[in-house]
Amino acid sequence: MAEMTYLQAISDGLRVEMRRDKRVFVIGEDVGVYGGAFKVTLGFQEEFGPWRVIDSPLSETAIVGGCTGAAIMGMRPVAEMQFADFISCAWDQLVTVAAKQRYRAGTPVPIVVRLPSGGGFSGGPFHSQNPESSFAHIAGLKVVCPATPEDAKGLLISAIEDPNPVLYFEHKHLYRRLKADVPEERYTVPFGKARVHREGDDVTVVTWGAMVHTAGDAAKELEADGVSVEILDLRTLIPWDKKAVLESAEKTSKVLVLHEDTRTGGFGGEIASTIAEEAFEHLDAPIVRIAAADSPVPFSPPLEKAFIPQVDDVVKGLKELAAY
Amino acid sequence: MAEMTYLQAISDGLRVEMRRDKRVFVIGEDVGVYGGAFKVTLGFQEEFGPWRVIDSPLSETAIVGGCTGAAIMGMRPVAEMQFADFISCAWDQLVTVAAKQRYRAGTPVPIVVRLPSGGGFSGGPFHSQNPESSFAHIAGLKVVCPATPEDAKGLLISAIEDPNPVLYFEHKHLYRRLKADVPEERYTVPFGKARVHREGDDVTVVTWGAMVHTAGDAAKELEADGVSVEILDLRTLIPWDKKAVLESAEKTSKVLVLHEDTRTGGFGGEIASTIAEEAFEHLDAPIVRIAAADSPVPFSPPLEKAFIPQVDDVVKGLKELAAY
Amino acid sequence: MAIAREAEPVSSLHEIREAGLDREDLLGMYRTMLITRGIEERGHILYKQGKIPGSFYTGRGNEASSVGVATAMGGDDVGTPLHRDMGVHVTRGVEPWRIFAQYMGRADGPTRGRDGNVHMADSKLGLLAMVSHLPAMLPVAVGCALAFRIREERRVSVGWFGEGASARGDCHEAMNLAGVRRLPIVFICDNNQWAYSTPTHLEYACETLADRAQAYGFEGVVVDGTDVLAVYREAKRAIEKAREGGGPTMIESLTLRMEGHAVHDDAFYVPKEMFEEWAKRDPIERFRSWLRENAALTDDEEDEVAASVKKLLADAINRAEESPLPDPSSLTEGVFATPEDLDTPHHK
Amino acid sequence: MAIAREAEPVSSLHEIREAGLDREDLLGMYRTMLITRGIEERGHILYKQGKIPGSFYTGRGNEASSVGVATAMGGDDVGTPLHRDMGVHVTRGVEPWRIFAQYMGRADGPTRGRDGNVHMADSKLGLLAMVSHLPAMLPVAVGCALAFRIREERRVSVGWFGEGASARGDCHEAMNLAGVRRLPIVFICDNNQWAYSTPTHLEYACETLADRAQAYGFEGVVVDGTDVLAVYREAKRAIEKAREGGGPTMIESLTLRMEGHAVHDDAFYVPKEMFEEWAKRDPIERFRSWLRENAALTDDEEDEVAASVKKLLADAINRAEESPLPDPSSLTEGVFATPEDLDTPHHK
Ligand SMILES: Cc1ncc(C[n+]2csc(CCOP(=O)(O)OP(=O)(O)O)c2C)c(N)n1
Ligand SMILES: Cc1ncc(C[n+]2csc(CCOP(=O)(O)OP(=O)(O)O)c2C)c(N)n1
Ligand SMILES: [Mg+2]
Ligand SMILES: [Mg+2]
């Protein structure tokens, strides 16, 4: 075990895989000499050389399309978007080519796209988004959202191993704020298995990414009121752990779904409606969704704070649910 | 009144607006000399000239970005995608520029993107999609899905009038199959007002686009069993008529949400979870979602039939709900 | 100001032998061109008979170009051919019956009924299945070349695009990345002068598309796409240059799309004289004459190849029609790949 | 093989007068350049003081280029300037206090706190607010030109892009459409030799980016971006050519990004000598010398402009700091436009 930040855990996972498997390479803007905008690949080009740590032109389509071609030729590409927001420029390559190639042509496309995402530091409308719901709707793509350093490493290694296109959302606001013990050796964290972030009996929160910690803080506040909150960290949205969610919903009979992506059409709707459909008889209260507002991510701190779900918002939601 | 197909109604709406308002112009691939892949703009270039009916290069990004610029300069552009599927190539322009410009910069972007969508004729994975859910998740975009000739005309005129970017999904399978009386004069159909396609008391179907007619056929079959089905045609997804949906849910206490877009992360989840949240006390059964399978749209007829919700699937769902 | 080089026709059997083809190869190419056209002609009939669902596209007029380029490719080279490039599939060895099965949406087509038309490829033959979105496969082709470069393999990737699709951003990003990294790739522009109903002057404003190669730091060549040997020679040069580390080349192959965009399109917008003029340059007829003049093609040989192709195609259709339609219960199979899928030669 | 034209420096007051500027105009430009740099220098200080949230970008080294182009634009012309083009906003009349308010996320900034940095524009002054995604505003700029062409107005659109962003598909689609339709637009490439940490040879493989104009059927010009008068003259020529129906021009304006990509970046990857060499060509200092030599700029004039700029900026900061932070309850206001929003001069 070694203490690592969430960011270091990502670097570590990537480095471990690159040392183990020559087919793994990294491509993105400024990932080489500069080590990436967030320094995840700092020192990588020295270690692995310029053809395994490739500084690409400012070309998201070429990066993702290039990874698809290289993957089909047997490589294991890991693309870095400088910010998750820029993946919109490669939407077509992901949705049209990568997601559908296995189904149509039988050709697997094992690529990973690393996506520094999330807000909380006045990044504004184009450096703060959580576009995971958009991708979770596209058949053929997997979607991963680690919430802890340990998962960040293990899920990244799983993503590289996975034979499908994987979108790996790493939350920028956790990069240096989270620190924890992480195994130094190689390990994987399986997709589709939720993590019980906190056990509880009265209300379930289903969430992922940075919101896991917001929920954790809210749960602590509810302790005073004697309300016991269970927090499920989904870890991966595609596939998502329906079984764990339904079991927790049956246990507590009250569910709050929480995410930092915007509300309308967000993946919370998928989860809430699945619970409503499959655990209908067990529910003692309506399922509540808390999510970001239906607007671009605003820049100015008071607006951004109002946009991203805060601990207080979750506390309020949980209290209402508990009292229902 | 004149009898028009769904396709003629779209042409008519567009022609009416172009005659009335010089700011309206059309741009797209093969919309001029050829009259568009589906002949919606047949004869338009003769009437309005080559600078109001513009044959563009094969450039979805330039088409949508160009419309955005022209709109900001006071025009009322109507872009045609040759197939809705190709809008993936302009995703970034819509999501990054058009959707957010009003919020950030105060500049409205009144553009309409016409999207021939939907399957049912072996168009395969790239000529059959219904990508409306992807756009409905993006704050700042409006999403329109007419189901009848009358709505096709009235909603198109509303879309052109609307000061926002509007995605207008016209279902290819309805183009020539639907024929009805349509007012010859100009009229608008308001956004956000569902249409009661059929009144009923026992179960509500919430749907839009071509699925309205699938639901209609299913409802007829249920008559024999004495089950009275109400069908709400949402007409527009953004904004969607929550009030009408909740009222119908309260009336029948049983709801089936039906769409041709794929299931996971589809807009059905938004509707179902909203009902589950806001009409919880009124529900006598779990809300059922029926939607296309989580796969690309397959080409071969037996697969495509299994992919798109069929009348039988809806009948089965309605029977189960009625019996719950 | 033209910047690209214009390729000369091939003048003799001797010259083409120097470029690597003997008489037998030439007869093989001729046969492949006949099969290519034959598949599409018969496909058209099947379509009219209602046996092919959806729409139907052909590459009539492009047989020389597609066969010429594919013949120049090495066995380990890979490519991303498009909807006018049936000849590439045939040259690389895709069996015609599987193509008919594909057309008819049968379980034994290369996409097992999941996609239609020439949206297919046999990856074991080094081909990647096209998507409709043009030219989205160009960045993918560049990615193949990137893999070869990273692994220092002497393999080349070939990426096709239409002159219409050259307007899309994907084309630019792909060529720019390939140029910057001098990747082993050859870009083939099927310039058939129309993009659906849109003429070239509404698609691009430079003199030739090959001139654009300069914008990406590599060489551009214009070749007569009805001359299979000239196409072959230029493709061969470019492929071997790429293999030797010389970086990309763009080859613009000039033809006319001899039919409508797809079966439903009567191409009313193409001037009649244009069709007449280009009909005189029919690539198959042209190659046949060349073979008679330069390679002593005999009547017997001609008859034999015609008969064998006829039989091949008839058998192929029969076999395809025996292939079952896919089982609807398999609908969601293969949306996601499994680890075993990676157990292919490519993925090792 | 260079294809684009290389622009000469401007040699005399006489020459520049022919291009449309008198001495007063020149002093105004000098002042604007000082304000431009001053805004960014003071912004940097405010940032370090923790008064500006998020990140912070400057365009040091690009003052001549941005002011030169903006000065050449007509009052009814429009443009989509980028993150190095503060000079465009200042030239077109955006009041500095509103820029500081924007930086600080205040309610009176042009985006009312909804966006930060130079992601802003005053549409009444003919500017369109940039998005981060580069160069997504180029197709939008082309759309403005399209509107002018449709309405047969004598107006021109100006679209900026960085040399790094030239690699993206948007750049290609925008230029191709503009070229095909000969639209009234001028493309300005801010070539500051770096895209974040990436040098030009990893971004493009042609000699100069202006050479690419040929790929789109129009003229390319390379100009020294530290020479405000040469930039002005070339921009003016191109804009008036576009206005007269002569179609697009691409102007590549060569500078060096004199600071890191943003405040957090110390630009360790830029060779020290490069900074030293380009520091000698500081655009403001260069223009000051030119004015002293060619336009008899006096010490008094210099002092006066320096003092007035200083006061302007100090007042601007004060006024900006008085502007309130936006009310959180306004969070979702303006996501959708209302019909009244269309009641602007543009939208009539
Ligand atoms: C991104 C995209 N937009 C639109 C289409 C619809 N479409 C299919 S083929 C075609 C014309 C293509 O022209 P070209 O590239 O010259 O190829 P050709 O068909 O002439 O071989 C169009 C517009 C498409 N396939 N992809
Ligand atoms: C589509 C896109 N991808 C990535 C980025 C992140 N990014 C911001 S600026 C920059 C470098 C831009 O270089 P250039 O175009 O030369 O402009 P400069 O900053 O040098 O003025 C990058 C990669 C972006 N803004 N947009
Ligand atoms: Mg063509
Ligand atoms: Mg730069």
Side-chain angles (χ1 to χ4, degrees), chain B residues 28-39 45 50 54-63 65 81-93 119-129 262-264 292-308 310, chain C residues 52-55 101-107 109 111-117 119-120 130-136 161-171 194-200 202-205 261-262 264-265 267-269 324-336:
Chain B
E29 294 148 17
D30 309 292
V31 295
V33 171
Y34 197 74
F38 297 98
K39 304 290 184 186
Q45 201 173 58
I54 303 175
D55 275 320
S56 76
L58 205 166
S59 287
E60 282 74 10
T61 294
I63 293 170
M81 294 289 109
Q82 200 153 84
F83 285 79
D85 310 71
F86 300 127
I87 193 63
S88 53
C89 300
W91 172 260
D92 181 56
Q93 278 293 329
F121 44 86
S122 288
F126 307 112
H127 289 78
S128 311
Q129 293 174 90
T262 55
R263 179 182 172 102
T264 298
D294 287 321
S295 76
V297 189
F299 165 75
S300 189
L303 293 175
E304 191 188 26
K305 199 160 163 252
F307 172 85
I308 296 177
Q310 303 292 319
Chain C
I52 293 179
S55 189
Q102 163 82 4
Y103 280 170
M104 296 191 283
R106 304 304 172 98
T111 65
R112 303 154 353 272
R114 276 148 168 74
D115 207 339
N117 293 299
H119 289 197
M120 58 168 199
M130 71 174 283
V131 297
S132 284
H133 296 52
L134 298 169
F161 66 108
E163 88 293 343
S166 72
R168 278 250 307 127
D170 288 27
C171 186
W194 296 88
Y196 210 148
S197 73
T198 311
T200 53
L202 293 181
E203 297 282 353
Y204 57 88
H261 170 66
H264 65 270
D265 170 20
F268 68 88
Y269 46 82
L325 285 164
D327 181 347
S329 72
S330 72
L331 172 64
T332 56
E333 274 171 25
V335 172
F336 288 105

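Every chain is numbered from 1, with letters handed out A, B, ... down the list of sequences. Heavy-atom basis, side chains included; hydrogens, waters and symmetry copies ignored.
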(request) Classify the side-chain pair C:Thr198/B:Asp55 by whether it contains a donor and acceptor separated by less than 3.5 Å. (result) no
(message) Please find the pair of heavy atoms, one from B:Asp30 and one from C:Ala195, that lie closest to each other, and give the distance.
(response) OD1-O, 3.4 Å
(request) With a 4.5 angstrom heavy-atom cut-off, could you sort out which part of B:Ser128 is near chain C: side chain, backbone, both or neither? (result) neither
(request) Measure distances from B:Pro301 to the heavy atoms of chain C and classify the residue's part below 4.5 Å as side chain, backbone, both or neither. (result) side chain
(request) Against chain B, label C:Glu163 side chain, backbone, both or neither, depending on which of its atoms sit under 4.5 Å from a heavy atom there. (result) neither
(message) Nearest 0.5 Å, please: how far is CZ in B:Phe307 from CZ in C:Arg114?
(response) 12.0 Å
(request) Using the six-membered ring wherever Trp is involved, compare the ring planes of C:Tyr269 and B:Tyr34 and label them parallel, tilted or perpendicular (cut-offs 30° and 60°). (result) perpendicular
(message) As an exercise, state the distance from CG of C:Asp115 to NE2 of B:His127, rounded to the nearest 0.5 Å.
(response) 9.5 Å
(message) Among C:Asp170, C:Thr332, C:Asp327, C:Leu202, which residue has the highest count of heavy-atom pairs closer than 4.5 Å to chain B?
(response) C:Leu202
(message) Less than 4.5 Å apart, side chain to side chain, heavy atoms only: is that true for B:Phe299 and C:Thr111?
(response) no
(request) Kindly determine whether B:Leu303 and C:Ser330 satisfy side chain to side chain contact (heavy atoms under 4.5 Å, CB included), including the steps that lead there. (result) CA-CA 8 Å; B:Leu303 293 175; C:Ser330 72; 3.8 Å; yes
(request) Tell me, for B:Ala37 versus chain C, whether the close heavy atoms (under 4.5 Å) come from the side chain, the backbone, both or neither. (result) both
(message) Give me the atom names and distance for the closest heavy-atom approach of B:Leu58 to C:Gly164.
(response) CB-O, 3.5 Å
(message) If we define contacts as heavy-atom pairs under 4.5 Å, which of C:His119, C:His133, C:Glu203 has the most with chain B?
(response) C:His133
(request) Name the region of C:Ala165, side chain, backbone, both or neither, that has any atom closer than 4.5 Å to a heavy atom of chain B. (result) both
(message) I need the minimum non-hydrogen distance between C:Phe268 and B:Val33, along with the two atoms involved.
(response) CZ-O, 3.7 Å
(request) Please flag which part of B:Asp294 lies under 4.5 Å from any non-hydrogen atom of chain C: side chain, backbone, both or neither. (result) backbone
(message) Can you give me the closest heavy-atom contact between B:Ser59 and C:Ala167, atom names plus distance?
(response) OG-O, 3.3 Å
(message) Less than 4.5 Å to any heavy atom of chain B: does that hold for the side chain of C:Phe336, its backbone, both, or neither?
(response) neither
(request) Could you tell me which portion of B:Gln82 (side chain, backbone, both or neither) has an atom closer than 4.5 angstrom to a non-hydrogen atom of chain C? (result) side chain
(message) Is any side-chain heavy atom of B:Phe86 closer than 4.5 Å to one of C:Ser132?
(response) yes
(message) Could you tell me if the side chain of C:Arg106 sits less than 4.5 Å from the side chain of B:Ser300, heavy atoms only?
(response) no
(message) I'd like to verify something: which residue of B:Ala293, B:Ser56, B:Cys89 has the highest number of heavy-atom pairs under 4.5 Å with chain C?
(response) B:Cys89
